[in-house]
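Nothing here was measured: the structure is a model prediction, and the numbers come from that model.
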Amino acid sequence: MLSDRSGMDRLDEQLVAALIQDGRATFAQLGSAVGLSAPAAKRRVDRLREDGVIASFTAVVNPAALGWGIGALVDVYCQGRIAPKDLARAWRPISEIVSASTVAGGPDAVIRVRARDVQHLEETLERIRGSAAIERTESTIVLSRLLERG
């Protein structure tokens, strides 16, 4: 529950949950879902955006519908020390990277990648390896996505 840290109350949490379910819901639909008028729902959503709770609105695309049938998780091991901002800068142009995070433990970072097929994945991995001071990568191909949250 976010309310302890962010000043959110139960209605705010319900609004965020409703927007995660349907980011295109109207303020009337949102208000109806949480027991508010449309103008009251709009004021709360505007405040949540101003407070940085809602960072943006975006379309969630089905990768398979675009022909991106392969997903992979890539553990990245860097040579020496490299700043996270430098990794982010190096990887930002690689559109096949869906997300990237630095991690504690074995690898220095974990990347989530989408590709059309195995050959495209291999080409993408080569671009990742050449993009920064990377010692090696270890890849795991995703068989099925069981759960994904916004």
Side-chain angles (χ1 to χ4, degrees), residues 1-27 29-30 33-34 41-42 44-150:
M1 192 178 287
L2 296 171
S3 58
D4 296 335
R5 291 180 287 144
S6 66
M8 289 178 47
D9 63 17
R10 188 74 182 140
L11 285 174
D12 291 335
E13 291 175 359
Q14 290 173 340
L15 280 170
V16 169
L19 283 167
I20 288 170
Q21 287 293 102
D22 182 3
R24 294 187 66 186
T26 65
F27 293 117
Q29 291 168 322
L30 292 171
V34 301
K42 180 186 182 321
R44 281 181 176 259
V45 170
D46 287 346
R47 182 179 45 78
L48 290 167
R49 290 193 71 197
E50 289 170 13
D51 291 348
V53 174
I54 297 172
S56 67
F57 294 93
T58 187
V60 177
V61 178
N62 177 357
L66 297 175
W68 295 67
I70 299 286
L73 302 173
V74 182
D75 291 345
V76 178
Y77 298 83
C78 297
Q79 297 171 356
R81 295 172 55 112
I82 184 166
K85 65 181 169 89
D86 293 334
L87 289 174
R89 187 175 320 124
W91 294 337
R92 193 168 286 115
I94 303 173
S95 62
E96 293 85 352
I97 296 176
V98 176
S99 65
S101 303
T102 55
V103 295
D108 296 298
V110 176
I111 300 175
R112 193 167 136 222
V113 174
R114 289 195 185 126
R116 290 183 302 279
D117 51 35
V118 173
Q119 180 179 351
H120 183 206
L121 176 60
E122 184 174 25
E123 293 165 1
T124 301
L125 291 172
E126 288 302 318
R127 288 180 26 231
I128 290 167
R129 289 182 196 118
S131 66
I134 307 246
E135 179 181 316
R136 67 186 171 94
T137 62
E138 292 181 10
S139 303
T140 303
I141 292 180
V142 174
L143 297 178
S144 55
R145 293 183 341 187
L146 303 177
L147 179 66
E148 187 154 342
R149 294 195 169 113

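- Rounding to the nearest 0.5 Å gives a distance of 8.0 Å between CD1 of Ile94 and OG1 of Thr124.
- Using a 4.5 Å cut-off on side-chain heavy atoms (C-beta onward), Leu48 and Met8 make contact.
- Considering only heavy atoms from C-beta on, Thr137 comes within 4.5 Å of Arg129 through its side chain.
- For the pair Trp91 and Ser131, the tightest heavy-atom approach, listed with the atom from each and the gap, is NE1-OG, 3.0 Å.
- Among all heavy-atom pairs drawn from Arg116 and His120, the shortest one is N-ND1, 2.8 Å.
- Across Asp108 and Cys78, no two heavy atoms sit closer than the pair OD2-N, 2.6 Å.
- Inter-residue side-chain proximity for Asp12 and Asp9 is flagged as met; some heavy-atom pair is nearer than 4.5 Å.
- The minimum heavy-atom distance between Val61 and Pro63, with the atom names listed, is O-CD, 3.1 Å.
- Between Val34 and Leu11 the shortest heavy-atom distance is O-CD2, 3.2 Å.
- We find the CG-CD1 distance between Leu143 and Ile70 to be 9.5 Å, quoted to the nearest 0.5 Å.
- Residue Leu30 comes nearest to Ala18 through the heavy atom pair CD2-CB, 3.6 Å, listed as atom of the first residue, atom of the second, then distance.
- No side-chain heavy atom of Arg24 sits under 4.5 Å from any side-chain heavy atom of Phe57.
- Side-chain N or O atoms of Asp117 include one that pairs as donor or acceptor with a backbone N or O of Gln119 at under 3.5 Å.
- Inter-residue side-chain proximity for Ile128 and Val113 is flagged as met; some heavy-atom pair is nearer than 4.5 Å.
- Interatomic distance, CG of Leu15 versus NZ of Lys42, reported as 13.0 Å (0.5 Å rounding).
- The CD atom of Glu135 lies 12.5 Å from the CD1 atom of Ile82; values are rounded to the nearest 0.5 Å.
- Between Glu50 and Arg47 there is no salt bridge, since no side-chain nitrogen of the basic residue lies less than 4.0 Å from a carboxylate oxygen of the acidic one.
- Residues Asp86 and Arg89 are paired through a salt bridge, judged by an N-O separation under 4.0 Å between the basic side chain and the carboxylate.
- Rounding to the nearest 0.5 Å places CD of Glu126 at 10.5 Å from CG of Leu121.
- In this structure, Ser139 and Val74 have side chains that are in contact, with non-hydrogen atoms separated by less than 4.5 Å.
- Considering CZ of Arg114 and OG of Ser99, their distance stands at 8.5 Å, rounded to 0.5 Å.
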